[in-house]
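For ligands, and for the atoms within them, numbers begin at 1 and follow the listed sequence.
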Amino acid sequence: MASLVVANWKMNPKTANEAKKIFAGTVAGSKKIKRAQIIICPPSAFLGLFAGKAKKVKLGAQNCHWEEKGAFTGEVSLAQIKDIGCRFVLIGHSERRKLFGETDEMINKKVLAALNFGLTPILCLGETAEEKEEGRTFQVLKDQLEKGLNGVIKKMADKIILAYEPVWAIGTGKVCETCQAEEVNIFLKKAINEKYGRTIANAMPILYGGSVKSDNVLSFIKEAKMSGVLVGGASLDPKEFIKIAQQIDF
Ligand code: PGA
């Protein structure tokens, strides 16, 4: 399976020009990439700028509401992001959980809605520093996974991408040790196997995210056997982002 390299720009580009520059740099660099699939998730205000602008690079949204339309001031709907060319959507990022009060129930509604809309949800999971210290990593992941996928039937499960993002590693420069990432990978695969069977467990991509750079990315793919990476900070620098993709372009 070719690696997935997902860029999460978060709310960082301040102007359309800044966003266009990062996009153009990434698209230009993507010509060097043979197999890896690049997915860019710009802020929703700028998504429309990039609709249909690149074939090789796919577009994703950073968030969505679960309702098709209606009185939900400030929200972005799946119908809207799909209409402007998004095929992927990040769901349950730890910043959404922590800063915007997203619960597992809300995240589950988004996952179900995205699947019903034919978009691929990238469901983010991960423990906080405190939960890790208390030795609760696997319990937290199990809980987030079970609640996040509640009601997702087998027929739809093969459309899901998981992203393991330990909260303490996001934007901190602290990288998860490869052995922990590998243990989590095995744990998640086992949980998916129990829920949906081996075929789906083997096929479901599991990404790693949290302070990924070009000098640490390889171990997450080679040693921890992740299917790809979710990149925040480093995705704002197209050169570094493409270097990351090149490292795992096999
Ligand atoms: P980071 O963010 O690469 O800046 O740590 C990753 C993420 O939040 O997806």
Side-chain angles (χ1 to χ4, degrees), residues 3-14 18-19 22 25-26 29 36-44 46-47 57-64 86 88-102 107 110-111 114 120-129 131-132 137 140-141 144-145 148 160-178 180-181 184-185 188 205-221 224 226-248:
S3 308
L4 296 170
V5 195
V6 186
N8 176 10
W9 294 356
K10 309 193 180 182
M11 203 178 74
N12 285 307
K14 290 205 281 276
E18 195 181 332
I22 306 171
T26 309
Q37 175 63 64
I38 293 176
I39 301 163
I40 301 182
C41 305
S44 50
F46 295 149
L47 267 173
V57 166
K58 303 262 185 275
L59 271 189
Q62 296 175 15
N63 185 29
C64 64
C86 282
F88 299 84
V89 55
L90 298 178
I91 296 180
H93 189 282
S94 67
E95 285 150 19
R96 303 274 342 148
R97 292 177 191 259
K98 186 171 158 229
L99 305 172
F100 303 103
E102 281 193 16
I107 289 161
K110 294 181 182 204
V111 169
T120 299
I122 303 177
L123 173 62
C124 304
L125 317 162
E127 82 284 5
T128 62
E131 288 161 346
K132 179 177 159 69
T137 297
V140 168
L141 292 174
Q144 290 177 342
L145 187 73
I160 292 168
I161 297 175
L162 297 178
Y164 170 53
E165 295 208 296
V167 181
W168 48 269
I170 296 177
T172 58
K174 285 187 203 156
V175 186
C176 176
E177 282 183 34
T178 317
Q180 183 186 331
V184 167
N185 191 348
L188 292 175
I206 303 176
L207 314 180
Y208 169 78
S211 298
V212 170
K213 305 252 161 35
S214 57
D215 60 7
N216 62 28
V217 66
L218 197 57
S219 64
F220 291 109
I221 309 300
M226 293 286 178
S227 319
V229 281
L230 179 46
V231 188
S235 71
L236 299 167
D237 172 356
K239 284 208 171 86
E240 170 64 4
F241 182 69
I242 292 299
K243 256 197 202 168
I244 292 174
Q246 281 180 302
Q247 290 286 320
I248 57 173

Open item on the list: Please check whether G233 reaches ligand 1 - meaning an N/O of the residue sits under 3.5 Å from an N/O of the ligand, judged on distance alone.
Closed with: yes
Open item on the list: Donor-acceptor check, side chain of N8 to backbone of V231, threshold 3.5 angstrom: yes or no?
Closed with: no
Open item on the list: Distance under 4.0 Å to a non-hydrogen atom of L230: what atoms of ligand 1 satisfy this?
Closed with: 9 (O)
TODO: Give the atoms of ligand 1, by number and element, whose distance to some non-hydrogen atom of G210 is under 4.0 Å.
DONE: 5 (O)
- [ ] Have a look at G232, G171, A163, C124 and point out the one with the heavy atom closest to atom 5 (O) of ligand 1.
- [x] G171
Task: Contact check, A234 vs ligand 1, heavy-atom distance below 4.0 Å - done: no
Open item on the list: Show the atoms of ligand 1 that are less than 4.0 angstrom away from any heavy atom in N8.
Closed with: 9 (O)
Open item on the list: Between E102 and R96, does any side-chain N to carboxylate O distance fall below 4.0 Å?
Closed with: yes
Open item on the list: I need the I39 CD1 to I161 CD1 distance, nearest 0.5 Å.
Closed with: 5.0 Å
Open item on the list: What I want to check is whether the side chains of W168 and E127 have a donor and an acceptor closer together than 3.5 Å.
Closed with: yes
Task: K213/E240 salt bridge by N-O under 4.0 Å criterion - done: no
Open item on the list: Given 3.5 Å as the limit, does a donor-acceptor pair link the side chain of E131 with the main chain of V140, or not?
Closed with: no
- [ ] Please could you name the atoms of ligand 1 that K10 approaches to less than 4.0 Å, counting only its heavy atoms?
- [x] 2 (O), 7 (C), 8 (O)
Task: Distance filter under 4.0 Å to H93 heavy atoms, resulting ligand 1 atoms - done: 7 (C), 8 (O), 9 (O)
